[in-house]
Amino acid sequence: MDQQAEGNPQPHTRTSRFDLENWVAGLAHAIAAGIERQAARHGLTASEFTLLGAFIEKQERTFSQLADALPIEREGLALVVGTLVDRGLLQRQGRTSDPRAMLLALTRRGRYLAWRLHTRMQTEHSGLLEGVTDEELATLSAVVARIVENHTALEQSRLP
């Protein structure tokens, strides 16, 4: 029987003092809610919104590059790509027998929408960061980078 079930308080550990799971969940919810709100204004899903955003930094991408860059399973990504092509927001370029190497790019309409959504999300993020200093952001960035590095190391240590 665990200590909590026996009526004993949980031992106070470093990780129990810092509720990492709730912090991350709260932050993820705040960001996801903004994405869903902005996407819905244009009849998009969050995945479609995310895919459009992937073209902000790089004008053309292959399917494989998108699969590596986005948190969307390949099967789902293929559906999202097809939907955006059908809606005239994304186009396939070039001819290749390998669908993974097919070059994808935003159409003119897709570029306009992607930049519009990007601008709105920048405004949304500015609101989330209201009152947060540059020093606090730098600290947060360093902490998150360290946690991700630790995660990578833990995952690699678990490989057979």
(message) Would you compute the distance between atom CD of Q38 and atom CZ of R116 and round it to the nearest 0.5 angstrom?
(response) 9.5 Å
(request) If a pair satisfies salt bridge (Lys or Arg N to Asp or Glu O under 4.0 Å) and one of its residues is in residues 145-157, list it, with sequence neighbours excluded. (result) R146-E149, E155-R158
(request) Treating Ile, Leu, Val, Met, Phe, Trp and Tyr as nodes and any side-chain heavy-atom pair under 4.5 angstrom as an edge, say whether L154 and I147 lie in one connected cluster. (result) no
(message) Can you list everything that forms a side chain to side chain contact (heavy atoms under 4.5 Å, CB included) with T45? Sequence neighbours excluded, please.
(response) S47, E48
(request) Taking the side chain as every heavy atom from C-beta outward, state whether L104 and L84 have any atom pair closer than 4.5 Å. (result) no
(message) Are F49 and L128 linked, directly or through intermediate hydrophobic residues, by side-chain heavy-atom contacts shorter than 4.5 Å (ILVMFWY only)?
(response) yes
(message) Show, in sequence, the C-alpha distance, side-chain angles and deciding distance for L66 and L77, and conclude whether the side-chain contact (heavy atoms from CB on, under 4.5 Å) test is met.
(response) CA-CA 8 Å; L66 286 171; L77 182 58; 3.9 Å; yes
(message) Quick check: do R87 and T83 have side-chain heavy atoms less than 4.5 Å from each other?
(response) yes
(request) If you link ILVMFWY side chains whenever their heavy atoms are less than 4.5 Å apart, which other residues fall into the same cluster as L159? By chain and number, please. (result) none
(request) Heavy atoms only: give me the nearest L70-A54 pair and the separation to one decimal. (result) CD2-CB, 3.9 Å
(request) If you link ILVMFWY side chains whenever their heavy atoms are less than 4.5 Å apart, which other residues fall into the same cluster as L129? By chain and number, please. (result) V132, L137
(request) To the nearest 0.5 Å, tell me how far E75 CD sits from I72 CD1. (result) 12.0 Å
(request) Might you work through the side-chain contact (heavy atoms from CB on, under 4.5 Å) test for Q156 and T152, ending with a clear yes or no? (result) CA-CA 6 Å; Q156 289 175 348; T152 301; 3.7 Å; yes
(message) My understanding is that only residues two or more places apart in sequence, or in another chain, count here; which of them pass ring pair (Phe, Tyr, Trp, His ring centres under 6.0 Å) with H118?
(response) W115
(request) Check for a donor-acceptor pair, side chain of T107 on one end and backbone N or O of Q91 on the other, with a separation under 3.5 Å. (result) no
(request) Please list, chain by chain and in numerical order, all residues satisfying side chain to side chain donor-acceptor pair (under 3.5 Å) with S126, sequence neighbours excluded. (result) none
(message) Looking at every non-hydrogen atom in both residues, tell me the closest pair between A46 and A39 and how far apart they are.
(response) N-CB, 4.4 Å
(message) Applying a strict under-4.5 Å side-chain criterion to I, L, V, M, F, W and Y, I'd like to know whether L20 and V148 cluster together.
(response) no
(request) Quick one: which residue pairs count as a salt bridge (Lys or Arg N to Asp or Glu O under 4.0 Å) with a foot in residues 59-69, not counting sequence neighbours? (result) D68-R74
(message) Can you list everything that forms a side chain to side chain contact (heavy atoms under 4.5 Å, CB included) with L113? Sequence neighbours excluded, please.
(response) H42, L44, L52, L89, L117
(message) Using every non-hydrogen atom in the two residues, find where F55 and A105 come nearest and quote the distance to one decimal.
(response) CE2-CA, 4.0 Å
(message) Does anything in residues 104-115 form a salt bridge (Lys or Arg N to Asp or Glu O under 4.0 Å)? List the pairs, not counting sequence neighbours.
(response) none
(request) Drop me the distance from T123's OG1 to M121's CE, to the nearest 0.5 angstrom. (result) 9.5 Å
(request) Could you name each residue pair satisfying salt bridge (Lys or Arg N to Asp or Glu O under 4.0 Å) that touches residues 118-130, not counting sequence neighbours? (result) R37-E124
(request) State whether the number of non-hydrogen atoms from other residues, nucleotides or ligands found under 6.0 Å of Q122 atom CD is greater than 12. (result) yes
(message) For E73, give me all partners under side chain to side chain donor-acceptor pair (under 3.5 Å), at least two apart in sequence or on another chain.
(response) none
(request) Go through the structure and list residues passing side chain to side chain contact (heavy atoms under 4.5 Å, CB included) with V85, not counting sequence neighbours. (result) V81, L90, R92
